[in-house]
Structure formats: structure tokens, C-alpha cells
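Beneath this line is the structure, given in C-alpha cells, with notes to follow.
Since this is a predicted model, take the numbers as computed values, not measurements.
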Amino acid sequence: MGWDAFGLPADNAVINNNSNPKDWTYSNITTMRDQLKLIGFSYDWSREITTCDPDYCNHEQKFFLELYERGLAYQKESLVNWDPVDNTVLANEQVVDGRGWCSGALVEKRQLRQWFLLITNYAEELLNEIAKLDSWPDSVNSMQENG
């Protein structure tokens, strides 16, 4: 089981509840874990991860630095979806009918410096490996092949 402790909803909840981010996040994780156990979910809790845990963050930072050192992480200007109320970049999936999914504000297009990963170097290898994923739904394989 993994807990994604970053993102706009988590940030907004902390702000709206005037809470300490660490306390708020870990309290919510405890509540959710207890609820899942109560309804009988049988996860292997010894393998639980939390994205804001320092051990997890350190691992991710080391991984990113390795990508950067190998020339696979780089920055460039890119057009983004900007929510002027939440003052954040939104993924395409977070824009609904031209509005930010949380704030409801009209989304603006802005040029901002962004980080990118040079995964196109591995596109052919990844596409060849998709054929070996027998248990993946065809729709997911198709999205990977056409994405």
C-alpha cells in the first residue's frame, strides 16, 4: 500500500485546516489505514510506503540525480495549464471544460520552465516489452503504445 502525500488537494487541505503538513498527513494516513483494516483489506502492511517519508524522498532524490547526471533529466520552456486561483500547474486531466478541477477558475496557458525526462531514448525498448505483459488489459497496452 502506498500513500501519495503530495499534491494540490493535500496542500489545500492543510491550508484550509490551518494545520501542520506533517501532522495532517500522518493523521490522515493513520485514519485511512485503520479504516482499511476495519473493513478487512489484507494488504502486506510491512511493505507500506509514504511519499513524504524522508527515506522515500531520499531514494527518489538519488534516483532523480542519477537521471540528471546521465543527461536523462533536463529543463526547458513549455506551455502549461495554469490555475490562477490555486497558482499551480495542472495536468490535462485536472482541467475540466477549461476550468481547474479544484478551484473552478478558467485555466490559462503559460510558458514556464519545466523538468522533463528523456524517456524517448527508450521508446522502442518499452514498446517491445509491452507485448510480454500478458495480464495487462488491451486498453492499457494500447494507451502505452499510442501515448
What's the separation between atom [atom1] in [X] and atom [atom2] in [Y], rounded to the nearest 0.5 Å?
X	Y	atom1	atom2	result
L118	R70	CG	CZ	13.5 Å
L90	W82	CG	CH2	9.0 Å
D4	T51	CG	OG1	4.5 Å
F116	Q75	CZ	CD	9.5 Å
E66	L72	CD	CG	9.0 Å
F41	Q35	CZ	CD	11.0 Å

Can [Y] be reached from [X] by stepping across I, L, V, M, F, W or Y side chains whose heavy atoms are under 4.5 Å apart?
X	Y	value
L126	L117	yes
Y74	Y68	no
V140	I130	no
W101	V95	yes
L112	L79	no

Give the ring-plane orientation class for F63 versus H59, where under 30° counts as parallel, over 60° as perpendicular and anything between as tilted.
parallel
Verify the neighbour count for atom CG of D138: are there more than 12 heavy atoms of other residues, nucleotides or ligands below 6.0 Å?
no
Return yes when atom CZ of F64 has more than 12 non-hydrogen atoms of other residues, nucleotides or ligands closer than 6.0 Å, and no otherwise.
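Check passes, neighbour count above 12.
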Shortest non-hydrogen contact from [X] to [Y]?
X	Y	value
T50	A5	CG2-CB, 4.4 Å
G104	R99	O-NH1, 2.8 Å
V89	Q94	O-OE1, 4.4 Å
D83	V85	OD1-N, 2.8 Å

With side-chain contact (heavy atoms from CB on, under 4.5 Å) as the test, would you mind laying out the steps for Q114 and V80 before giving the verdict?
CA-CA 9 Å; Q114 303 287 302; V80 299; 3.7 Å; yes
Give a yes-or-no answer on whether the side chains of D44 and S46 include a donor-acceptor pair shorter than 3.5 Å.
yes
Just checking, any donor-acceptor pair under 3.5 angstrom between side chains of W3 and E48?
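The answer is yes; a qualifying pair exists.
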Distance-only criterion, 3.5 Å: show the donor-acceptor pairs between side-chain atoms of residues 12-21 and protein atoms not counting sequence neighbours.
residue: N16; atom: ND2; partner: N12; partner atom: O; Å: 3.2
residue: N17; atom: ND2; partner: A13; partner atom: O; Å: 2.8
residue: S19; atom: OG; partner: N17; partner atom: O; Å: 3.0
residue: N20; atom: OD1; partner: K22; partner atom: N; Å: 2.8
residue: N20; atom: OD1; partner: D23; partner atom: N; Å: 3.0

Donor-acceptor pair, side chain of D53 and main chain of D55, under 3.5 angstrom:
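Checked: pair present.
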How far apart are the C-alpha atoms of Y43 and R33, what are their side-chain angles, what is the distance that settles it, and do they pass the side-chain contact (heavy atoms from CB on, under 4.5 Å) test?
CA-CA 10 Å; Y43 293 112; R33 184 188 311 109; over 6 Å; no
Tell me whether the NZ or CZ atom of K76 lies within the 45° cone about the ring axis of W115 and under 6.0 Å from its centre.
no
